[in-house]
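Only one structure is covered here, and it is reproduced in the block below.
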Amino acid sequence: MAGGGKKEKGGGLGRALIRQRNKAAAAAKERGEALAFGRRRAMPLESVIDVSDIDAVLQRAAEADQLAEAASVSSDSDLVIDLDATGETDEERRRLRKEQEALHASSLRVPRRPPWHSEMTVEELDANERRAFLVWRRNLARLEENDKLVLTPFEKNIDIWRQLWRVLERSDLLVMVVDARDPLFYRCPDLEAYAKEIDEHKRTMLLVNKADLLPLNIRKRWADYFKAHDILYVFWSAKAATATLEGKMLRGYSEEESASLDLDTKIFGRDELLTRLQAEAESIVAQRRTSTAEDDHDVSSSDSISHVVVGFIGYPNVGKSSTINALVGEKRTGVTHTPGKTKHFQTLIISEELTLCDCPGLVFPSFSSSRHEMVACGVLPIDRMTKHREAIQVVADRVPRNVLEQIYKISLPKPKPYEPQSRPPTAAELLRTYCASRGHVSHAGLPDETRAARQILKDYIDGKIPHFELPPGATDSEEDADESEGPTTSAANEPDADDFSEEDEDTVDPAEPDMRDVLDDLESFDLANGGSKAAAKKKKESSHKHHKKPQRKKDRSWRVGNDGGDGTAVVRVFQKPAVNLSAVSAGGRV
Ligand SMILES: Nc1nc2c(ncn2[C@@H]2O[C@H](COP(=O)(O)OP(=O)(O)OP(=O)(O)O)[C@@H](O)[C@H]2O)c(=O)[nH]1
């Protein structure tokens, strides 16, 4: 890295140098490099999730020397077999992918901090950590070369991982904050394993946040699952706790009602959670003390009597900051809709006995979830969405047609007679119908799909569009049986005025021009089969005339045999592709 030190002011050359240095720093950051420890300047710590291919190639070349040293440590067992991908059906491809995921699940690790001791110099420590990190990245890069595997974008900035390492080391109890709507997606079993490697007494608790978006009957199912798999968990709603603190009520949530439920399914209140966290952490410290084993890395927790540290970790946007704010009782960390806002861990002293540690959100490496899924899950910022239709398709596949229609007060085009009648709407159908109902037109006079996509995704992430996953093994028929109980949360009901606040300007305006003709034109165009506009839109007429095969992309997923097409399900629950589930089970933690 070019040496700094020039103090030249005002001169063109000086400015040019500064610009060049800034560019180099930005490029390094983009590649996931950290600046050398000793010379690190006060640069904002930023998540690096995307690395373009060319950058990755350049990066690899630059890393080659260092990796030669480190190669002896790297495991060749991570190398993957490159199978011939030709002539496979979707089903075969999926099966092979699952096999490969199971085979390589153990390679899907979070980076470990290499062993260290207090006599090490800062430079030594830095060099060791970088080397270990590079080996980790190389191993994941190898996995990415396997065309049977889809590795999701993950955090590549070593400095963000360093934050996590420190939080892990200093915490007695680790609280993994997950989104209640799909807890396993946000769970990282390898992190739990890593915590145990640091200190066998450390325990991880799943804080199932946003539980206000989960009906009671679904909480029950998850509770059964967690108990059956010996997972320590608590249902929690930072939003509800904050509302209570402010003397308000979250619609659909009542503290009294929740208090009457048993511990397994109730949504904990603020004081209850604090008490529980402290009790769990204290029991860990007590066990450690009584243990005869020596704790080499126990640098923080036992230095003062009955003082415990609870660390909060998790993906971006799961609600860590909201949780900390609710627990602290005032706004200490920023809460936004944008994932990845918290950049440095924070230490918050609740009392003489209890300290909380808030880690920046991290995107852990995992298999299979697509980038669009990650945008839809709120893990990647909507701003990074490049293909809005793909992200919207995730929503359209998971939320029943009738729920979308009800929420947005729209009427989606029905499937063509030759199509499975239970198929979910296509992203194009949803976006265009939404645009038509709101009069969103782009400069070119076409439906403004980007605007619509952003709003729909935001509603989905915020819980205004209800959705959730069932525990693995639960079936749709069970779900149907439970529907009689109905949803118990505000999100699962109609959105209220509060829900659609701020920039949610997307209300139906009957005065706006009807765009249906434009849409019909587009639809006929999309069919790309020469059919006339009228033929494309007149369902009745077409029922006996259309003999064309549906022109659908292969991955359109009405195969998921969804809600039976009768639209009765309040919330559509799909078993996700094996992603998380295989990663979870392969991690041997469940
Ligand atoms: N419905 C609901 N929404 C919540 C809850 N907790 C947080 N949110 C929302 O989730 C979004 C993210 O919350 P944050 O607290 O900023 O999440 P974070 O995990 O700290 O995010 P990073 O800073 O990216 O790590 C915000 O829009 C919150 O309002 C909850 O219990 N219920």
Side-chain angles (χ1 to χ4, degrees), residues 44-47 49 155 157 160 163-164 167 175-183 186 188 207-215 219 234-246 248-253 255 258 267-270 273 311-328 331-346 348 356-364 374-375 377-384 457-468 487-493 495-496 498-504:
L45 183 53
E46 276 188 32
S47 183
I49 294 175
E155 182 57 63
N157 183 350
I160 301 260
Q163 304 278 315
L164 175 82
V167 172
V175 174
M176 194 176 285
V177 186
V178 297
D179 188 319
R181 292 169 291 179
D182 192 359
Y186 300 89
C188 178
L207 189 66
V208 190
N209 188 36
K210 308 195 186 183
D212 54 289
L213 301 176
L214 214 56
R219 289 213 299 276
V234 160
F235 286 115
W236 161 253
S237 166
K239 198 169 179 177
T242 309
T244 309
L245 272 178
E246 292 168 352
K248 296 180 195 157
M249 277 260 288
L250 188 63
R251 190 163 173 260
Y253 169 82
E255 207 171 7
S258 189
I267 300 177
F268 275 51
R270 171 183 177 265
L273 182 62
F312 286 75
I313 49 180
Y315 274 88
N317 219 33
V318 289
K320 293 179 301 303
S321 302
S322 307
T323 298
I324 295 277
N325 288 336
L327 292 179
V328 172
K331 194 167 188 278
R332 299 291 285 271
T333 62
V335 174
T336 61
H337 292 291
T338 313
K341 185 164 173 295
T342 312
K343 298 298 178 199
H344 290 271
F345 81 82
Q346 303 192 40
L348 300 136
L356 306 182
C357 228
D358 182 22
C359 183
L362 266 148
V363 183
F364 301 102
M374 295 179 84
V375 171
C377 289
V379 166
L380 294 183
I382 294 179
D383 292 342
R384 302 243 188 118
L457 282 170
K458 191 170 168 300
D459 293 343
Y460 182 80
I461 293 164
D462 289 351
K464 291 164 197 166
I465 302 180
H467 63 100
F468 52 76
T488 59
T489 64
S490 59
N493 290 313
D496 63 7
D498 277 356
D499 284 344
F500 287 93
S501 55
E502 306 146 29
E503 61 278 270
D504 296 344

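We count ligands from 1, going down the list as the structure has it; atoms in each ligand are counted the same way. No experiment lies behind these values; they were computed from the predicted model shown.
- Applying the 4.0 Å criterion to heavy atoms of Gly361 picks out, from ligand 1, the atoms 25 (O).
- Counting atoms of ligand 1 from 1 in the listed order, those under 4.0 Å from a heavy atom of Pro316 are 24 (O), 25 (O).
- Polar contact check, Lys239 against ligand 1: a nitrogen or oxygen pair lies under 3.5 Å apart.
- At a heavy-atom cutoff of 4.0 Å, ligand 1 is contacted by the side chain of Asp212 but not by its backbone.
- Atoms CZ and CE, on Phe364 and Met176 in that order, are 6.0 Å from each other to the nearest 0.5 Å.
- The heavy atom nearest to atom 19 (O) of ligand 1, considering only Lys320, Lys210, Lys458, is found in Lys320.
- Between atom NZ of residue Lys210 and atom OH of residue Tyr186 there is a gap of 7.0 Å, rounded to the nearest 0.5 Å.
- Residue contacts with ligand 1, taken as heavy atom pairs separated by less than 4.0 Å, involve Asn209 solely via side-chain atoms from C-beta onward.
- For the pair Ala238 and ligand 1, the shortest N or O to N or O distance falls below 3.5 Å.
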Stepwise side chain to side chain contact (heavy atoms under 4.5 Å, CB included) test for Trp236 and Val175
CA-CA 12 Å; Trp236 161 253; Val175 174; over 6 Å; no
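- Ring orientation note: the planes of His467 and Tyr460 are close to parallel, at an angle under 30° on the 30°/60° scale.
- The shortest N or O to N or O distance between Ser322 and ligand 1 is below 3.5 Å.
- Of the N or O atoms in Ala211, none lie within a sub-3.5 Å distance of an N or O in ligand 1.
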Residue pair Ser321, Asp358: steps toward the side chain to side chain contact (heavy atoms under 4.5 Å, CB included) verdict:
CA-CA 7 Å; Ser321 302; Asp358 182 22; 3.9 Å; yes
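- Rounded to the nearest 0.5 Å, atoms NZ (Lys458) and CD1 (Ile382) are 7.5 Å apart.
- Any N or O atom pair closer than 3.5 Å counts here, and Pro360 shares no such pair with ligand 1.
- Residue contacts with ligand 1, taken as heavy atom pairs separated by less than 4.0 Å, involve Leu213 solely via side-chain atoms from C-beta onward.
- Under the side chain to side chain contact (heavy atoms under 4.5 Å, CB included) rule, Phe235 has a single partner from Leu207, Leu214, Leu273, which is Leu214.
- If you run side chain to side chain contact (heavy atoms under 4.5 Å, CB included) between Cys359 and each of Val177, Ile160, Ile313, only Ile313 comes through.
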